[in-house]
Number of protein chains: 2
Amino acid sequence: MTVTTLDEEPAVPATIRDVARASGVHISTVSRTFSAPHLVNPETRVRVLACAEDLGYRPNRAARALITGRTHNIGLIVADIANPFFPPLIKAAEGQARHRDYHVFVADTNEDQAAEEELVHALAKQVDGVLLCSPRMSNSLIEQVSREVPVVVINRQVAGLPCVMMDVGQGARLAIEHLLGLGHRRIALLGGPRGSWTNREIRRAAVAAARAGGAELTVLGPNHPTETGGGAVADQVRRSGVTAVLAYNDLMAIGLIEGLDALGLRVPQDVSVVGVDDIALSRLTRPKLTTVATPTAAAGRTAVDMLLQHDSDAPRGARGRGASAGDHRTTAQVMLQTELVVRDSTGPVPPPGRDGTGA
Amino acid sequence: MTVTTLDEEPAVPATIRDVARASGVHISTVSRTFSAPHLVNPETRVRVLACAEDLGYRPNRAARALITGRTHNIGLIVADIANPFFPPLIKAAEGQARHRDYHVFVADTNEDQAAEEELVHALAKQVDGVLLCSPRMSNSLIEQVSREVPVVVINRQVAGLPCVMMDVGQGARLAIEHLLGLGHRRIALLGGPRGSWTNREIRRAAVAAARAGGAELTVLGPNHPTETGGGAVADQVRRSGVTAVLAYNDLMAIGLIEGLDALGLRVPQDVSVVGVDDIALSRLTRPKLTTVATPTAAAGRTAVDMLLQHDSDAPRGARGRGASAGDHRTTAQVMLQTELVVRDSTGPVPPPGRDGTGA
DNA sequence: TACTTCACTGCAAACCTTTGCAGCTCTCCG
DNA sequence: CGGAGAGCTGCAAAGGTTTGCAGTGAAGTA
């Protein structure tokens, strides 16, 4: 009487030793079958692979990480996953990483500096590198972190570190020029969160462009970069008497439009509004949002490539003379182009005396 | 002449051995200082902690994972990060996990079954458990996976496995009843993706509610669960002559409204539209969307709790008698309540002969 | 005083894999 | 026919941590 064994996956996973035993070779041969196939006899290789398949063997990544010093994981730290700006970037980064046999830890800091710092430390020991996306920490803190673990910074410029930036300055200039072209001369800038490089860039460029065009630019902020944050300043915008607003991002722009609507001001008839990011949502609101499109997916992919460009490098924590994390790493800084997408939330300046301005 | 040493982080990270040497104890005492503090003399403890702090020591998780068999990572597999339904869930899950000293791998399957299966296998060896969110694979595949790694299923019911569900059936019933109350008798259901449990639940409940109310329900689909998918069926909706639509999710509902608008049909005057999910976006579109609110954040937290409830369990892959992954794990199935949020996209049935229906 | 108990610490094996080195067998060339 | 070289495989150390067991000294008990 024969007993057929169930072909379930075994409860305790097969190790390299099991495979070696099953295929009659030494464990080192099994190891090489996976990590350096060209070093093992083709016949042996197929046999080993067959046994491995049979036993459902998968290399233990912890053990591998222990000896190689590389985890094949990368960390991605973002300010707020729920902000629709980030998911496309995350998605692109993750796809690119997977493509290179890496996994991605995503961590959310809730727009909090302290959480950001804590997270990056917690992650550092567990990943081969970290993508810092729209960091709110100080440059010096970022530099300190970069000595502990390889870092690529997204949406910020830090000297001596690899960075992927989007040229929001140029975008802001285009936006202001667009508004100037429509006749607007009193414009507000809705500032974003404190510590945001993007925020500074936008402001710098907007101020310059407004001045060049002979317009008056009022800066309102900093604000929380969400609909709520945008809605909260609606009244302030109304009282300021401006006819157009450039917001730090689309979410704030949309919130502002809502808020203005509640105050009886219509967009774009009474006030023109421009956002930044071109999130999917901005095509769906009414009016459709005029905005500065940023190439978020490309940024995610590029950042992963930059982080992993030295894939074959000596691992971190190699014995003997240790190379500091940033050594002989080309610290390229990439600036991606943005463009202005004109939709329905901007229009010609309203005739004077309509509201607010005249006492 | 004294030389002050730079207090930079060392390029090669401190190990438990360095801390032991610095504090004059054995490595096992250092280990216990972190993993079982009550076993070590308070004085020794503070000394060790001071040295560890000083050296910037952080335990190597790979080494720990190697011996304990627990990685302190969990995997979270979602259909599409860019779908705004998921980020709040991810965020909640991640926060809850971090709270218990776990990290989260987020993986995106692009709504693809094969990618889903591949991902869960790739992740299995690297995490202590997997959260399967809105899986598109078959139940039997899920069961097979669950033998390899502990699994909690979100948004789907699988017998014998811990599940966190949202009662979309009840939500759909409320939605249909709401439409019936407004006088609608010809209603369409916009189906979601094939393989979605949520989709089946909604359909089942909607069909039942419509029948009970003496209404005619047309099912359109399956469709891609995005704005595009919703917009694509606008013409079909118009031709069908229905006066109200229940969509699989908010994204499709919004896309449909756009599409109908392009065809000259206004919401809610000509057609009423109800979505499901209550994503942040649905409050921002015009008209504001009537929708079934699902407690996504709560689902994320609950799922993590269920996965980690046996945190002190014997690790997977313990030597000797191995317990199958699902052993003595209480396979609770949690059903979270949903509710109908009435906004501006639904209204009374239009007077007959307005459009489409009459010749 | 002698014995037990307790609190604490050290010892050493074990986790699974990678990799430099050495050894083996064959082939090829002189 | 001898030697060199190539191709393949085995050996064993190493990586950082956890943990059962044993050992130490001091305090408590009889």
Side-chain angles (χ1 to χ4, degrees), chain A residues 10 12-21 23-48 51-52 55-72 124-126 128 312 314-320 322, chain B residues 10 12-48 51-52 55-72 125-126 128 312 314-320 322:
Chain A
V12 1
T15 75
I16 203 173
R17 225 169 297 271
D18 300 322
V19 179
R21 200 176 307 121
S23 48
V25 298
H26 194 263
I27 57 163
S28 54
T29 302
V30 177
S31 174
R32 275 188 279 258
T33 303
F34 290 97
S35 51
H38 60 282
L39 288 181
V40 9
N41 187 316
E43 288 177 35
T44 317
R45 186 166 47 200
V46 301
R47 187 154 39 93
V48 169
C51 290
L55 293 160
Y57 169 73
R58 287 176 182 267
N60 180 323
R61 291 179 84 126
R64 176 180 290 180
L66 183 54
I67 189 163
T68 64
R70 333 205 78 233
T71 61
H72 266 245
K125 271 297 175 308
Q126 185 150 223
D128 296 336
S312 48
R316 298 192 300 124
R319 279 195 293 155
Chain B
V12 359
T15 74
I16 202 175
R17 225 169 297 269
D18 300 323
V19 179
R21 200 175 310 124
S23 48
V25 297
H26 193 262
I27 58 164
S28 55
T29 302
V30 178
S31 173
R32 275 186 279 257
T33 303
F34 290 97
S35 51
H38 59 280
L39 289 180
V40 10
N41 187 316
E43 288 177 34
T44 316
R45 186 166 46 199
V46 301
R47 187 155 38 94
V48 169
C51 289
L55 293 160
Y57 168 73
R58 290 177 181 264
N60 180 323
R61 291 179 84 126
R64 176 179 291 178
L66 184 55
I67 189 161
T68 63
R70 333 205 79 233
T71 62
H72 266 246
K125 272 294 175 313
Q126 185 150 223
D128 296 338
S312 48
R316 298 193 299 126
R319 279 196 293 154

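Only a predicted model underlies this, so the values are computations on that prediction, with no experimental measurement involved. Excluded from the calculations below are hydrogen atoms, water molecules and symmetry mates; all remaining heavy atoms, backbone and side chain alike, are included. The sequence lines fix the lettering, A, B, ..., with proteins before strands; numbering per chain opens at 1.
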Whole angstroms only, please: what is the [atom1]-[atom2] distance between [X] and [N]?
{"X": "B/Tyr57", "N": "D/dT17", "atom1": "OH", "atom2": "C1'", "value": "7 Å"}
{"X": "A/Ile67", "N": "D/dA13", "atom1": "CD1", "atom2": "P", "value": "13 Å"}
{"X": "B/Arg64", "N": "C/dT17", "atom1": "CZ", "atom2": "P", "value": "21 Å"}
{"X": "B/Arg70", "N": "D/dT17", "atom1": "CZ", "atom2": "C1'", "value": "16 Å"}
{"X": "B/Leu66", "N": "D/dT17", "atom1": "CG", "atom2": "P", "value": "12 Å"}
{"X": "A/Ile27", "N": "D/dA13", "atom1": "CD1", "atom2": "C1'", "value": "11 Å"}
{"X": "A/Arg58", "N": "C/dT17", "atom1": "CZ", "atom2": "C1'", "value": "17 Å"}
{"X": "B/Ile16", "N": "C/dG10", "atom1": "CD1", "atom2": "P", "value": "12 Å"}

Under a 3.5 Å distance rule, please check whether A/Arg70 uses its side chain to pair with a backbone N or O of A/Asp128 as donor and acceptor.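 Answer holds: no.
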
Looking at side-chain heavy atoms only, is the closest gap between A/Thr44 and A/Arg47 below 4.5 Å?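 Answer yes - side chains close enough.
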
Who are the side chain to side chain donor-acceptor pair (under 3.5 Å) partners of A/Arg61, not counting sequence neighbours?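 B/Gln126.
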
Set of residues satisfying side-chain contact (heavy atoms from CB on, under 4.5 Å) with respect to A/Asn60, sequence neighbours excluded: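 For A/Asn60 the side-chain contact (heavy atoms from CB on, under 4.5 Å) partners, ignoring immediate neighbours, are A/Ala62, A/Ala63, B/Leu66.
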
In residues 30-47 of chain A, which residues come under 4.0 Å of DNA chain C by heavy atom?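 Hits under 4.0 Å, by residue number: A/Ser31, A/Arg32.
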
Side chain of [X] - closest among [options]:
{"X": "A/Thr29", "options": "D/dT9, D/dT17, C/dT18", "value": "D/dT9"}
{"X": "A/Thr15", "options": "D/dT17, C/dT17, C/dT19", "value": "C/dT17"}
{"X": "A/Val25", "options": "D/dG10, D/dT17, D/dG16", "value": "D/dG10"}

Check whether any side-chain N or O of B/His26 sits under 4.0 Å from OP1 or OP2 of C/dC11, and answer yes or no.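 Yes, B/His26 has a side-chain N/O under 4.0 Å of OP1/OP2 on C/dC11.
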
Side-chain donor-acceptor pairs of residues 12-24 of chain B under 3.5 Å, sequence neighbours excluded:
from	atom 1	to	atom 2	distance (Å)
B/Thr15	OG1	B/Arg17	N	3.1
B/Asp18	OD2	B/Thr15	N	2.9
B/Ser23	OG	B/Val19	O	2.6

Compare every heavy atom of A/Pro59 with every heavy atom of A/Tyr57, then report the nearest pair and how far apart it is.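 That closest heavy-atom pairing would be OH-CA, 3.4 Å.
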
So A/Arg17, base contact, sugar-phosphate only, or nothing? Heavy-atom distance under 4.0 Å.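 Base contact.
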
Measure the angle between the two terminal helix axes of the helix from C/dT1-D/dA30 to C/dG30-D/dC1, five base pairs each, and quote it to 10°.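 So the angle between the two local helix axes works out to 50°.
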
Pairwise side chain to side chain donor-acceptor pair (under 3.5 Å) hits with a residue in residues 31-41 of chain A, at least two apart: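 The answer is A/Ser28-A/Arg32.
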
First encountered from the 5' end of DNA chain D, between B/Ala62 and B/Ser28: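 Between the two, 5'-proximity favours B/Ala62.
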
